[in-house]
Structures are given as structure tokens and as C-alpha cells.
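As the structure is a computational prediction, the values presented were derived from the model and not from experiment. Just so you know, ligand 1 is whichever comes first in the structure, and atom 1 is the first atom listed for that ligand. Along the sequence shown, the residues carry numbers beginning at 1. Below, each value reflects all heavy atoms present in this structure, side chains not excepted, and no hydrogens, waters or symmetry copies.
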Amino acid sequence: MFGFENKHVIVTGGSRGIGAAIVNLFSKFGANVAFNYHKNIRAAERLAEESRKFGADIFFDECDVRDFHDVDVFVKKTLHRFGSVEILVNNAGIWEYGPIDKMTIDDWRKTIQTNLDGTFYFTRSVARHMLENQIKGSIINISSTAGQRGEPYYSHYAATKGAIIAFTKSLAAELGPKGIRVNCVAPGWVKTDMSEEALKKQEAEIVAGIPLGFIGEPEDIAGPVVFLASNLARYINGEILNVNGGNVLCA
Ligand code: NAP
């Protein structure tokens, strides 16, 4: 029910943070994993070395998720290496401060292109492969609490994360009949490079708002992602799994 032997996974933005924990956990459970990075080749190399210790075949390459050509090339290279892909995790993302009166068109576009266009490009490319080959697959998109309750000064980010939830539900209905489950994990605060500055400034205040009383680690998100991809979750489709210590109780 839980093993991933002979499964092939793509994790976007796998080099650091939550993506790296997802790569590692899939590898531990026997999957072969391909992940992309954008700038941080050293982190990607370290992660590949670590994950290969579990015996997994690990492929990684540079790929800017904002560029559909880059994405198609990355998916083609992965298929050349693995032969098939059964699981896709759309994780790559950015979270940049943007008060609406100061937000430039470039700020807006950069966030939309990274978080939303990237999710679309990877999903399109991998879904085509799954449909053409009648693969019973699983796609997991990473949203955020911001996608459900909004987030002041990060409205572009929240807009992408809300869109990812709508995208997930739409594709769950569209691809479910073909045997492809589409789900979403929506993390709250997690200790990564993305949240480091904010946590430095307001960790105590943030923790006070979390009923479980601590900030999540990347592994706390990786577990639910791997669960959703597994056969244990074979009847879960179109679900938004909130993983936030009870910080935001979403309907
Ligand atoms: P992170 O530590 O900043 O890592 C971001 C990852 O995305 C890195 O692997 C980075 O690659 C990659 N990336 C960024 N821009 C890219 C691009 N244009 N093309 C390809 N890859 C790109 O972030 P994280 O905290 O792990 O976040 C992962 C996901 O969880 C994001 O979708 C984020 O919105 C979501 N999330 C995070 C939190 C949190 O508190 N951390 C909360 C809610 C949701 P490089 O290493 O090469 O730069």
C-alpha cells in the first residue's frame, strides 16, 4: 500500500526546503525521483547525494518553471531517464513582499509565472504523458493557507495559491475518470529559507497562534504529500489537505 518501488516522481523546486524533504521521503520509500532547481546547484547536488543513499535513481537538472520550453525539456529528459512518470508534485514557488500600491507589473508577473504558470506547464506536460500512456497517476499541488484566507502584502502570492486550489479541483474532476488523482497540500508556517526572515522577526507571535505550539519542519509537509501519492489515499481526489498545526481552520 505504501511502497513506491518502480514509481517515478517529479518534484519541482526540489533543491531546498519542502521540495527537498519531499524528494528525500519518496526516495526513502523506494521511488526514483527527478527534481529541478533554478539557481542553487550546490543544494541540488547535496540532496541528490543524500537521496541516492536510499538506493533511488535520482535525476536533477536546472529548469526555470516560468519557461514552458524549459519545462518540456526537463520532462522529456526525465522520461528518457525513467521511461515513465506516475507522480508529479508541483512545489516550486516564491513568496515576495508586495504592498499593492508599490507592486510593479514585474513583481506581479514574476509571482504569477513562478507559482501558477509553472504549475500549469508541468501539469500539462506530465498529464499528456499520463493520458497518452494510460497511466494511473497522482498529481499533488502545493498551495498555502494564503490561498484560502488571503494574505496582506502578499496578494499576488495569495492569488496564485487560491488559483492552485481551483486548478486542483478542476483537474480532479477532469482527470479522475482517467485514473489520475489530483490533490493539494496547503501548508501553514514551515521553517525554510522562504520563511526565515519572517520567523526571525515574529516567531513567538506566530507560534502563539498555532494550537500545536510549534512551527512545522519541511518533513511535516513531505509526509502528507507522500501519503496522498500512495495507495492508502487511492479514494482521495480533489482534496485540499491543510497542514498547519491548526493555525488556520479552513472549511
Ligand atoms: P524555498 O525554501 O524558498 O525553496 C523554493 C524552491 O523553489 C527551491 O528549490 C527553488 O530552487 C525553487 N524555485 C524558485 N523559483 C523557481 C523557478 N523560477 N524555477 C524553478 N524552481 C524555482 O521554499 P519552501 O518554503 O520550500 O516552499 C515550497 C513551496 O511551499 C512553495 O510553493 C511555497 O509557496 C509553499 N509554502 C511554503 C510555506 C513556508 O512557510 N515555507 C508555507 C506555505 C506554502 P533554487 O534552490 O534553485 O533556488
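- Between Phe59 and Phe82, the distance separating the two ring centers is not shorter than 6.0 angstrom.
- For atom 28 (C) of ligand 1, the closest non-hydrogen atom on the protein side is Asn91 OD1, 3.2 Å.
- Of the protein's non-hydrogen atoms, Val65 N, 3.0 Å is the one closest to atom 19 (N) of ligand 1.
- Residue Ser144 approaches ligand 1 through these ligand atoms, each under 4.0 Å from one of its heavy atoms: 43 (C), 44 (C).
- The protein non-hydrogen atom at the shortest distance from atom 27 (O) of ligand 1 is Met194 CE, 3.7 Å.
- For atom 14 (C) of ligand 1, the candidate residues are Gly14, Gly93, Ala198; the nearest heavy-atom contact is made by Gly93.
- Using a 4.0 Å cut-off between heavy atoms, Lys191 makes no contact with ligand 1 at all.
- In terms of protein heavy atoms, atom 26 (O) of ligand 1 is closest to Ile18 N, 2.8 Å.
- Taking 4.0 Å as the cut-off, Trp189 counts as a neighbour of ligand 1 on heavy-atom distance.
- Taking only non-hydrogen atoms, the option from Ser15, Gly13, Pro187 nearest to atom 45 (P) of ligand 1 is Ser15.
- No hydrogens or angles considered: nothing links the side chains of Asn24 and Glu219 as a donor-acceptor pair under 3.5 Å.
- Between the side chain of Asn91 and the main chain of Gly13, a donor-acceptor pair closer than 3.5 Å is present.
- Summarising the local packing, CG of Asp57 is surrounded by more than 12 heavy atoms from other residues, nucleotides or ligands at distances under 6.0 Å.
- Counting heavy atoms under 4.0 Å from ligand 1, residue Asp64 touches it through both backbone and side chain.
- With 3.5 Å as the limit, one finds a donor-acceptor pair spanning the side chains of Ser84 and Glu86.
- Nearest to atom 25 (O) of ligand 1 among the protein's heavy atoms is Thr192 OG1, 2.5 Å.
- With a 4.0 Å cut-off on non-hydrogen atoms, Asn36 touches ligand 1 through its side chain and not its backbone.
- Nearest protein heavy-atom neighbour of atom 35 (C) of ligand 1: Ile142 CG2, 3.8 Å.
- Ring geometry, Trp108 versus His156: the interplanar angle falls under 30°, so the pair is classed parallel (tilted spans 30 to 60°).
- Between the side chain of Asn141 and the backbone N or O of Asn90 there is no donor-acceptor pair closer than 3.5 Å.
- Side-chain contact annotation: Asn36 with Thr12, donor-acceptor N/O pair under 3.5 Å absent.
- Under 4.0 Å from ligand 1, the heavy atoms of Tyr157 that appear belong solely to its side chain.
- Heavy atoms from other residues, nucleotides or ligands lying under 6.0 Å from CZ of Arg124 number more than 12.
- When Ala92, Ser143, Cys63, Gly188 are checked for heavy-atom proximity to atom 20 (C) of ligand 1, Cys63 turns out nearest.
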